[in-house]
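Throughout, protein chains are lettered first and strands after them, A, B, ... in sequence-line order, and every chain is numbered starting at 1.
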Amino acid sequence: MLAELTFSFENIAKHNGVGIAVTGLLIVFTSLVLISFAIAAMPKVLGALEGYLPAEHDHHSNSSSKPSADEAVAVAIGFALHSQSQAKDKTG
Amino acid sequence: MDILLKFLETTGFGLMQPGNAMMIVVGLVFIALAIIKDYEPLLLLPIGFGIVVGNIPYLDEMALGVYDSGGIVVEGGQIALEDIKDAAEEPTGEQQVKFNPGSVMAYIYFGVRYGIFPPLIFLGIGAMTDFSTMLSNPKLVLLGAAAQFGVFATFLGALCLGFTPEAAGAIGIIGGADGPTAIFLSAKLAPELLGPIAIAAYSYMALVPVIQPPIMKLLTTREERLIRMKPPRQVSKREKILFPIIAFLICAMIAPGAMVLLGMMFFGNLLKESGVTERLANTARTSLVDSVTILLGFSVGASTKAQNFLIPSSLQIFALGATAFAVATAAGVIFAKIMNLFLKEKINPLVGAAGVSAVPDSARVVQMVGQQEDPHNFLLMHAMAPNVAGVIGSAVAAGVLWSVLAG
């Protein structure tokens, strides 16, 4: 499977490398552009269908709207560090 | 005395070759990097130990390595037969085909060789990924696409060096900076290069904090690095539930080759976001992904036997891998700068480097480089958007290369 390894741009033309590369990149970009459009359209579509969709609610999941104790501690630590760095900036 | 001498010849000391010794040292270096420097320990430690195990020499007849997969025994060009014995170990007069069961390492490597482990890892990745930042700013998805330029540029570079198209495709996917994707595509297109490609991919992923910052600083001005971006908007639960379904349908219909990896990833994400399968999501992102990571890392490391790994093409693969990461980083940053020509709300171009889908390391690198200029500029959450988009992009790229180059 490994051909003799030599450096040559002709190998690209021989195996239609540019065609494969350009096509591949176009397909990747097309997929992600379509995903990007779908994401951008989702809030508007969901907004239009608001009256027909069931209300959002949590299903006994751990990811509730109330922050867990760990999240609250992390927020407190982050706030303390931020306040400390702001105080340092003021005093120079 | 003869027996003792014969035994000594069969020991690892007697059979050691310089290549095996060199690879054992490489494995020990990986272990040291994992433990001492904390470089991607969850990957480098299993891989490093696997390298050590895979390079202990043994007699061929003992069939202990990942490549000793066993099968029907052939002797003198003919299928070998053996007597069938009864419970008392007496021959019954009948014969059966002689079968060598192969080594345990080969059974573990089965999951790598046949592309089973990578989709299972993607299931876990999906169950632990939060796509909120991507959903809140969809234009950053394009930076994940731009970084895949590294894949195809490396593909062309590998073709230049004389690799076959299949091998070039497998090498190019290193630029996707996604270990499971690289292993999956190598197993399909160029299984004989799986060892060096996997080692290159995981090594460079661990070196992202070293490779990316100089390129990011070279391609951006200080003013650009100081750009602050608007905080991401809140994303509704419905959007998070619909996204994996819609995204999978789009990607799979365009590139069916990506169906396996992206199907598992979006399935895992739906398990997480649906809110009704928390147990399954928890298993996927903890015990399942950890178990598969152990087996995959160890067996990939064990596959780097010196006789298969220390070949000239391995060095070229390592060089191409470094190029892949550099080009992908540069492409993401440059594309962000191009997008800024058309946008009112500018993107910090550093965020483009996070399109290299080494999640979450490249996003952390963006945060670090940004904070070197402005300690109060928090780019991490913005960088996570192209980071996770890059995972999707690299899986689509792998699917395209597989579809075009297979067969």
Side-chain angles (χ1 to χ4, degrees), chain A residues 1-47 49-50 53-65 78 81-82 84-86 88-89, chain B residues 134-135 138-142 144-146 148-149 151-153 155-156 159-169 172 190 192-193 235-239 242-243 246-247 250-251 254-255 258 272-276 278 282 311-313 316 375-376 389 392-394 396-397 399-401 404-405:
Chain A
M1 197 176 268
L2 290 173
E4 192 184 313
L5 298 180
T6 53
F7 187 89
S8 169
F9 289 111
E10 283 177 7
N11 290 335
I12 296 180
K14 185 175 153 194
H15 297 294
N16 193 18
V18 173
I20 293 172
V22 169
T23 307
L25 258 176
L26 274 175
I27 292 171
V28 170
F29 260 93
T30 303
S31 307
L32 289 175
V33 164
L34 286 175
I35 287 175
S36 186
F37 282 149
I39 293 169
M42 255 198 297
K44 297 175 186 121
V45 170
L46 287 173
L49 295 173
E50 186 67 42
L53 295 169
E56 280 189 37
H57 62 276
D58 281 328
H59 292 274
H60 316 291
S61 70
N62 290 339
S63 53
S64 65
S65 56
L81 286 171
H82 180 65
Q84 196 177 41
S85 71
Q86 278 199 319
K88 265 188 197 167
D89 286 344
Chain B
M134 199 176 88
L135 295 174
K139 58 181 178 290
L140 296 181
V141 170
L142 301 179
Q148 306 317 311
F149 186 78
V151 172
F152 295 99
F155 168 71
L156 294 176
L159 281 179
C160 265
L161 285 174
F163 284 98
T164 61
E166 293 83 4
E192 74 288 353
L193 295 179
V235 174
S236 70
K237 192 172 162 59
R238 279 201 195 111
E239 287 176 87
L242 285 175
F243 169 71
I246 294 170
I250 290 172
C251 294
I254 291 175
K272 171 181 178 283
E273 297 298 350
S274 68
V276 295
E278 186 55 30
N282 202 39
I311 48 179
S313 55
Q316 289 168 317
H376 302 296
I392 300 172
S394 63
V396 172
V400 170
L401 287 169
V404 170
L405 298 173

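Of the atoms belonging to A:Leu46, it is side-chain heavy atoms, and not backbone ones, that fall under 4.5 Å from chain B.
The side-chain heavy atoms of B:Val141 and A:Ile39, taken from C-beta on, include a pair separated by under 4.5 Å. In this structure the side chain of A:Met42 reaches within 4.5 angstrom of the side chain of B:Leu135, judged on heavy atoms. For the pair A:Ile20/B:Leu405, a side-chain contact is recorded, criterion being any heavy-atom separation below 4.5 Å from C-beta on. No side-chain heavy atom of B:Phe152 sits less than 4.5 Å from a side-chain heavy atom of A:Val22.
Taking OG1 of A:Thr23 as the start and CG of B:Leu401 as the end, the distance is 10.5 Å to the nearest 0.5 Å. Distance check, rounded to the nearest 0.5 Å: CZ of B:Phe155 to CG of A:Leu25 gives 11.5 Å. In this structure, CE in B:Met134 is found 8.0 Å from CG in A:Leu32, a value given to the nearest 0.5 Å.
Taking every heavy atom of both residues into account, A:Asn11 and B:Cys160 meet most closely at ND2-O, 3.3 Å. Closest heavy-atom contact between B:Ile246 and A:Ala38: CG2-CB, 3.9 Å. Across B:Ile250 and A:Ser31, no two heavy atoms sit closer than the pair CG2-O, 3.9 Å.
For residues 9-35 of chain A, the set of pairs meeting the ring-ring contact (aromatic ring centres under 6.0 Å, His included) definition, not counting sequence neighbours, comprises A:Phe7-A:Phe9, A:Phe29-B:Phe335.
The environment of B:Phe149 atom CZ is sparse: at most 12 non-hydrogen atoms of other residues, nucleotides or ligands sit within 6.0 angstrom.
For chain B, the option among A:Pro43, A:Gly17, A:Ala21, A:Ala40 with the highest count of heavy-atom pairs below 4.5 Å is A:Ala21. Heavy-atom pairs under 4.5 Å with chain A peak, among B:Leu142, B:Val400, B:Leu156, at B:Leu156. Between chain A and the options B:Ala389, B:Gly144, B:Ala146, heavy-atom pairs under 4.5 Å are most frequent for B:Ala146.
Taking the salt bridge (Lys or Arg N to Asp or Glu O under 4.0 Å) definition, one finds that A:Glu50 meets it with B:Arg238, sequence neighbours left out.
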*Run the numbers on B:Ile254 and A:Leu34 for side chain to side chain contact (heavy atoms under 4.5 Å, CB included), then give the verdict.*
CA-CA 10 Å; B:Ile254 291 175; A:Leu34 286 175; 3.5 Å; yes
